[in-house]
Amino acid sequence: MAINKVVSGPEEATRGIGDGMTVMFGGFGLCGIPEHAIAAIRKRGTRDLTCVSNNAGVDGFGLGVLLENKQVKKMISSYVGENDEFERQMLSGELDVELIPQGTLAERCRAAGAGIPAFFTPAGYGTEVAIGKEVRWFEGKPHLLEHAFDASFAFVKAMKGDTAGNLIFNATARNFNHAMAMAGKITVAEVEELVPVGELDPNEIHTPGIFIQRIFQGDNFEKRIEQRTVRSKA
Amino acid sequence: MALDKNGIAQRIAQELRDGYYVNLGIGIPTLVANYIPGGIDVEFQSENGMLGMGPFPFEGEEDPDLINAGKQTITAVPGAVYFDSSTSFAMIRGQHVDLTVLGAMEVSDQGDIANWKIPGHMVKGMGGAMDLVASAKNIIVAMMHTNKAGESKLLRQCTLPLTGVRCVTRVVSNLAVLDITERGFKLIECAPGVSVDDVKNATEGRLIVDGAIPEMKL
């Protein structure tokens with residue numbers, strides 16, 4: 001029998017999250033973010049979180065709802081600031097922000113899940129990102145030593161999942177969700193559609209359920225669009 | 001006549017070759033996709049996790065799950081593929097992407113690039129730019145030759161915080177095409193109606209002018 005990872009909903013799924021923890025959130029911009037987990041953490045009122053997320057949401061949505069409730073102590077991201085409250089807290093010094101290259105962010109997640117404590121990457125050599133980091137030359141090129149993240153929880157979002165935690169993503173909503181799912185000590189997946197084991201084709205699964213500890217089906221995903229760009233039919 | 005942004009994109013599009021995988025940055029680079037030469041096939045990589053990026057969707061057909069690295073809604077062309085962020089940067093770091101086109105605030109004559117941070121201004125972050133410039137083997141910078149005050153952005157040394165060092169291979173500006181060489185910017189072409197002296201006057205970094213310089217053909 002497959003192991004059953006199903007929890008009742010976002011409240012149970014976020015049980016155990018505590019003040020001061022390092023927590024990962026999948027998504028790119030507002031695309032593929034775990035919106036129900038974020039809402040549940042807001043309700044819990046957990047404080048002083050270090051959040052690893054490519055972006056920091058917008059005012060009133062995504063991680064913006066944790067920022068405006070002053071639950072975040074530090075953001076580790078590659079691109080931020082589409083968010084007035086974020087900017088205010090950063091400039092006033094209430095919020096600590098660590099900006100790191102996007103590929104390094106992704107690899108620090110993947111490495112954490114893959115049992116690789118550290119790795120060398122060329123990204124950021126010769127820039128302020130390199131300050132204080134060990135440099136080694138390989139094949140004639142300088143590289144920086146970067147460390148895997150250590151996150152108590154990872155919150156990810158998928159289009160479909162089964163009760164064993166196997167996940168399938170839609171389009172570019174996969175983004176950081178896969179590597180973060182690997183990285184979390186406890187990984188919580190919220191899905192648009194939860195199905196019994198056996199319904200997903202094993203060939204089509206993107207993230208194996210071994211990386212997932214809790215899964216639930218979220219109601220009414222808002223899936224807000226950040227930059228609506230269209231062309232005319234003319 | 002100096003080129004406008006579309007002219008710069010049009011000239012860069014001439015660098016595309018059949019079979020290229022290409023990553024286009026935000027701003028002028030995005031416009032390159034409008035000028036793909038006839039008879040060649042290229043595929044656009046978006047570092048948030050897709051190959052085979054298509055044009056913007058028609059109104060009413062936007063999908064919140066389908067965006068580019070600038071977070072804009074887009075479409076996928078036949079043969080497109082989606083993947084996760086760590087795989088995406090494996091493509092970039094592993095030099096599987098043939099051409100990267102980026103904007104810049106400053107470029108030095110050794111190929112250093114600054115395009116992510118202005119001290120004293122709100123810093124938004126480097127996104128994927130540092131990974132791209134550190135690893136790509138072919139980096140073309142699309143930029144204006146001077147700033148609004150008329151000061152050169154092609155410099156002996158960058159003054160702004162760097163994105164990467166010794167990485168740019170070619171610059172296409174509103175005035176000229178220049179290659180980065182051991183001895184500085186090598187003038188390859190001038191924009192239509194732009195003289196070698198115009199380029200000299202607008203370039204603070206070392207400039208090499210070797211023989212007669214052809215006019216850009218658009």
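Nothing here was measured: the structure is a model prediction, and the numbers come from that model. So that the names make sense, note that chain A is the first sequence line, chain B the second, and so on, each numbered from 1.
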Engaged part of B/M122 at the chain A interface, taking heavy atoms whose separation is under 4.5 Å: side chain
Options B/L132, B/V165, B/V81, B/T73, ranked by heavy-atom pairs under 4.5 Å with chain A, top entry: B/T73
A/K233 and B/E59 ion-paired at < 4.0 Å: no
Choice from B/N68, B/D63, B/I67 maximising heavy atom contacts with chain A below 4.5 Å: B/I67
Least distance between heavy atoms, B/A134 atom then A/P122 atom: CB-O, 3.4 Å
Side chain proximity check, A/L99 to B/K117, heavy atoms < 4.5 angstrom: no
Residue B/Y82 versus chain A: region with a heavy atom under 4.5 Å: both
Greater than 12 external heavy atoms within 6.0 Å of B/K5's NZ: no
4.5 Å side-chain heavy-atom contact, A/E107 and B/R93: yes
Selection from A/A123, A/S77, A/G103 maximising heavy-atom pairs under 4.5 Å formed with chain B: A/G103
Contacting moiety of A/V97, where chain B heavy atoms sit under 4.5 Å: neither
Value rounded to 0.5 Å, distance of CG in A/N54 from CG in B/N48: 9.0 Å
Neighbour count >12 (heavy atoms, 6.0 Å) for atom CZ, B/R183: no
Chain A interface, residue from B/D84, B/L162, B/T163, B/D65 that has the most non-hydrogen pairs under 4.5 Å: B/D65
Which atoms of A/N55 approach chain B - backbone, side chain, both or neither, heavy atom under 4.5 Å: side chain
Pairs of heavy atoms under 4.5 Å with chain B: top-ranked of A/N177, A/V80, A/I100: A/V80
Side chain to side chain, A/E82 and B/K124, heavy atoms closer than 4.5 Å: yes
Contact listing (chain B partner; residues 166-175 of chain A; heavy atom under 4.5 Å): A/N170, A/A171, A/T172, A/A173, A/R174, A/N175
Structural part of B/E61 lying under 4.5 Å from a heavy atom of chain A: side chain
Separation between CD of A/E226 and NZ of B/K71, rounded to the nearest 0.5 Å: 4.0 Å
Other residues, nucleotides, ligands: >12 heavy atoms within 6.0 Å of A/I210 CD1: no
Selection from A/M159, A/R110, A/E87 maximising heavy-atom pairs under 4.5 Å formed with chain B: A/E87
Region of A/L105 that comes under 4.5 Å of a non-hydrogen atom in chain B: neither
Between B/G164, B/G127, B/G128, the one whose heavy-atom pairs under 4.5 Å with chain A are most numerous: B/G127
Distance in Å, A/M180 CE paired with B/S85 OG, rounded so as to fall on 0.5 Å steps: 8.0 Å
A/M90, part contacting chain B, at a heavy-atom distance under 4.5 Å: side chain
Euclidean distance, B/F56 CZ relative to A/S232 OG, rounded to 0.5 Å: 12.0 Å
Within 6.0 angstrom of A/N220 CG, more than 12 heavy atoms from elsewhere: no
Which atoms of B/L66 approach chain A - backbone, side chain, both or neither, heavy atom under 4.5 Å: both
Heavy-atom pair with the smallest gap, counting every atom of B/G70 and A/Q227: O-CG, 3.9 Å
Contact winner vs chain B - A/K141, A/R228, A/R231, heavy-atom pairs under 4.5 Å: A/R231
Spatial distance of atom CE (B/M130) from atom OG1 (A/T121) [nearest 0.5 Å]: 11.5 Å
Pairs touching residues 78-125 of chain A that satisfy ring-ring contact (aromatic ring centres under 6.0 Å, His included), sequence neighbours left out: A/F120-A/F138
